[in-house]
Amino acid sequence: MNDTINTEVINTTRRGSRLLSASTLSSDDVYNPKGEKLGSIKELMLDIESGRVCYAVLSFGGFLSLGEKLFAVPWSALKVDTENKRLIMDTDEERLKNAPGFDSDNWPNMADSTWEKSVHAYYGTTY
């Protein structure tokens with residue numbers, strides 16, 4: 001049985017399985033389908049008007065937060081793996097290394113539509 005859940009196709013009859021505390025996702029690891037660790041969740045970015053999660057900010061590389069690169073990954077690019085209590089993103093480490101990223105002192109304007117379109121285009125998700 002595969003316990004990987006596509007966050008866009010969750011059974012709405014079981015309320016508890018559709019809801020997660022944002023704090024439980026913070027620091028969760030993100031893996032690709034091959035089981036390779038890609039990084040961990042630093043932040044979740046919410047649209048304050050709709051209340052939906054737009055991006056998960058993923059940290060990758062570095063040591064003790066030194067030299068780490070941050071990536072805003074569209075929430076729709078992630079799947080929740082309930083069995084292993086982690087997130088899955090269908091990409092490899094090399095593609096992530098080349099993704100548009102930023103450092104902790106230089107966050108992009110995530111409300112800028114040009115930025116949003118480019119990030120969604122990179123990850124192949126709907127804007």
Novice: Could you tell me which non-hydrogen atom of Ile41 sits nearest to which non-hydrogen atom of Ala56, and how far apart they are?
Specialist: CD1-CB, 3.6 Å
Novice: What's the spacing between Tyr123 OH and Phe71 CZ if we round to 0.5 Å?
Specialist: 6.0 Å
Novice: Looking only at heavy atoms, which two atoms of Ala111 and Glu116 are closest? And how far apart?
Specialist: O-OE1, 3.8 Å
Novice: Quick check for you: to the nearest 0.5 Å, what is the distance between Glu43 atom CD and Leu46 atom CG?
Specialist: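 Separation between the atoms: 10.0 Å.
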Novice: Distance from Asn84 atom CG to Asp28 atom CG, nearest 0.5 Å?
Specialist: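 Atom-to-atom, Asn84:CG and Asp28:CG are 11.5 Å apart.
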Novice: Rounded to the nearest 0.5 Å, how far does OG of Ser113 lie from NE2 of His120?
Specialist: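 Reported value, rounded in 0.5 Å steps: 11.0 Å.
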Novice: If you take all heavy atoms of Val119 and Ala72, which pair is closest and at what distance?
Specialist: CG1-O, 3.3 Å
Novice: Could I get the full list of side chain to side chain contact (heavy atoms under 4.5 Å, CB included) partners for Thr114, not counting sequence neighbours?
Specialist: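 So Thr114 forms a side chain to side chain contact (heavy atoms under 4.5 Å, CB included) with Asp112.
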Novice: Find the distance between CG (Leu87) and CG (Leu58) and round it off to the nearest 0.5 Å.
Specialist: 9.0 Å
Novice: Give every residue pair that meets the salt bridge (charged side-chain N to carboxylate O under 4.0 Å, His left out) criterion with at least one member in residues 85-99, sequence neighbours excluded.
Specialist: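 Every salt bridge (charged side-chain N to carboxylate O under 4.0 Å, His left out) pair that includes a residue of residues 85-99, provided the two are not neighbours, is Asp81-Arg86, Glu93-Lys97.
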Novice: Please round to the nearest 0.5 Å and tell me the distance separating atom NZ of Lys42 and atom CZ of Phe60.
Specialist: 14.0 Å
Novice: Would you confirm whether Lys69, through its side chain, and Ala99, through its main-chain N or O, come within 3.5 Å as a donor-acceptor pair?
Specialist: yes
Novice: Check the pair Thr91, Tyr122 against side chain to side chain contact (heavy atoms under 4.5 Å, CB included), reporting the backbone distance first and the verdict last.
Specialist: CA-CA 11 Å; Thr91 194; Tyr122 189 84; over 6 Å; no
Novice: Answer with yes or no whether the hydrophobic clustering places Met45 together with Tyr127; edges join I, L, V, M, F, W, Y residues whose side-chain heavy atoms lie under 4.5 Å apart.
Specialist: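 Shared cluster, no.
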Novice: Between Tyr55 and Trp115, what is the ring plane arrangement, given parallel below 30°, perpendicular above 60°, and tilted in between?
Specialist: perpendicular
Novice: Of all the heavy-atom pairs spanning Val30 and Leu78, show the shortest one and how long it is.
Specialist: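 Scanning both residues completely, I find the closest heavy atoms to be CG1-CD2, 4.2 Å.
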Novice: What pair of heavy atoms forms the shortest contact from Glu36 to Asn32, and how long is it?
Specialist: OE1-ND2, 2.7 Å
